[in-house]
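Step one of this worksheet: look at the structure below.
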Amino acid sequence: ETQVERLIGFWQALGGALSGRDPKALAFALLERPSLADDRAWNRVLERLLGALRPALPGRVFVVEGNQPEPGPRADAAPALARLAPPANAEGVVFAFPLDAPFVFTHQGVVTEALPGLAEVRGVPYPAGGVVAADDPATRAALGAYAKDWQTDQLEDHVRAVYDWAQSRCVFVMSAGFGVSVAAPAESRRTWLVRARTLFHKYGFGWTARDRDGPFELDAADRALLVR
């Protein structure tokens, strides 16, 4: 309860400080990648957030993600959204999903709590092909599953599942962050980025890339690919 009140207070304070900004030019992403233990708890928190913030911040658009209690290789944006109970009044709400699939490819070489051993991994191609070694048993198992399940491009299955969910509920959806670690093979990295962008356009999703710098940094060539 205290954390929820703090979150509400944070957004009320920030919203007040930005009250002069055009509501059409600035949306508020309420909580990035929520990972509560119970999906129903996130649904309740979301109702409280919207109930408190809508009167305080009239006209604002709120960006909401589904709960992913188990982030990492087994996380998937579509089930996370499917478990989300959209508020009774979804006006002014945009539902968002991060696109991490396949996790062992997009996050190779990155320090993650979900799969720490992945930080030592390099050279994972997309789609899967060949064998990539790992000392950590959990990472080795995740790489094995990737090699088995991603021999062909399956990214559209993930994006289409989100589209189907949005259509069934008549809500707006966007991709809130996608990218590939700079540790990935350059050709595979760009293949994945272009494929993701193409699918977002095909299904009518707005999108944002993950980082301008850091482990998912986009260089000039990457940016040129994405804005074609």
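Any value given below was found using the heavy atoms of this structure, including those in side chains, with hydrogens, waters and symmetry copies removed.
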ask   = If every non-hydrogen atom of Arg195 is compared with every non-hydrogen atom of Glu156, which pair is closest and at what distance?
value = NH2-OE1, 3.3 Å

note = On a heavy-atom basis, the closest approach of Val132 and Gly123 is CG2-O, 3.9 Å

ask   = Should we count CZ of Arg40 as having more than 12 external heavy atoms under 6.0 Å?
value = no

ask   = Above 12 or not: heavy atoms from other molecules or residues under 6.0 Å from CZ of Arg169?
value = yes

query = Which class fits the ring pair Phe200 and Phe178: parallel under 30°, tilted 30 to 60°, perpendicular over 60°?
reply = perpendicular

task = Indicate yes or no for a side-chain donor-acceptor contact from Glu5 to the backbone of Thr2 under 3.5 Å, with no hydrogens or angles considered.
result = no

ask   = With sequence neighbours excluded, what pairs up with Glu47 under the side chain to side chain donor-acceptor pair (under 3.5 Å) test?
value = none

Hydrophobic cluster membership, Leu218 vs Val182, 4.5 Å side-chain cutoff = no

task = Looking only at non-hydrogen atoms, find the nearest pair between Pro102 and Tyr146 and report the distance.
result = CG-CE1, 3.3 Å

request  = Could you tell me which non-hydrogen atom of Pro55 sits nearest to which non-hydrogen atom of Gly51, and how far apart they are?
outcome  = CD-O, 3.2 Å

remark   = Hits for ring pair (Phe, Tyr, Trp, His ring centres under 6.0 Å) against Phe62, two or more places apart or cross-chain, chain-then-number order -> none

query = Between atom CG of Leu31 and atom CZ of Phe10, what is the distance when rounded to the nearest 0.5 Å?
reply = 10.5 Å

ask   = With sequence neighbours left out, what residues match Asp219 under salt bridge (Lys or Arg N to Asp or Glu O under 4.0 Å)?
value = Arg190

remark   = All heavy atoms of Gln108 vs all of Ala183, minimum pair found to be O-CB, 3.5 Å

request  = Determine yes or no for a side-chain-to-main-chain donor-acceptor pair under 3.5 angstrom, with Asn43 supplying the side chain and Ala85 the backbone.
outcome  = yes

key: Side-chain hydrophobic cluster, 4.5 Å single linkage: members besides Val227   = none

message = Has Thr208 got a side-chain atom pairing as donor or acceptor with Gly177's backbone, closer than 3.5 angstrom?
response = yes

ask   = Quick one: CG on Leu36 to CZ on Arg44, what's the gap to the nearest 0.5 Å?
value = 9.5 Å

message = Tell me every residue that passes salt bridge (Lys or Arg N to Asp or Glu O under 4.0 Å) with Asp22, counting only those two or more places apart in sequence or in another chain.
response = none

ask   = So which pairs with a foot in residues 12-31 pass ring-ring contact (aromatic ring centres under 6.0 Å, His included), sequence neighbours left out?
value = Trp11-Phe28

key: With sequence neighbours excluded, residues passing salt bridge (Lys or Arg N to Asp or Glu O under 4.0 Å) with Arg33   = Asp100

message = Tell me if a side-chain donor or acceptor on Arg140 pairs with a main-chain N or O of Asp135 at a distance below 3.5 Å.
response = yes

message = Rounded to the nearest 0.5 Å, what separates atom OG1 in Thr112 from atom NE2 in His107?
response = 7.0 Å

request  = Return yes if some donor-acceptor pair links the side-chain N/O of Trp42 with the main-chain N/O of Glu65 below 3.5 Å, else return no.
outcome  = yes

request  = Not counting sequence neighbours, which residues clear side chain to side chain contact (heavy atoms under 4.5 Å, CB included) with Ala186? List them please.
outcome  = none

request  = If the plane angle is over 60° it's perpendicular, under 30° parallel, otherwise tilted; pick one for Tyr203 and Tyr163.
outcome  = tilted

key: side chain to side chain contact (heavy atoms under 4.5 Å, CB included) against Val173, all qualifying residues, sequence neighbours excluded   = Phe95, Phe97, Val162, Trp165, Ala166, Val171, Phe205

inquiry  = Between Arg189 (side chain only) and Val180 (backbone N and O only), is there a donor and an acceptor less than 3.5 Å apart?
reply    = yes

Trp192 side-chain N/O to Ala101 backbone N/O, donor-acceptor pair under 3.5 Å = yes

request  = Return the set of residues passing salt bridge (Lys or Arg N to Asp or Glu O under 4.0 Å) with Glu32 (not counting sequence neighbours), or none when no residue passes.
outcome  = none

query = Rounded to the nearest 0.5 Å, how far apart are CG of Asn67 and CG of Leu46?
reply = 10.5 Å

message = Which heavy atom of Ile8 sits nearest to which heavy atom of Leu53, and what is that distance?
response = O-CD2, 3.9 Å

key: Residues clustered with Val194, ILVMFWY side-chain links under 4.5 angstrom   = Leu225

ask   = Excluding sequence neighbours, so at least two apart, what forms side chain to side chain donor-acceptor pair (under 3.5 Å) with Ser175?
value = none

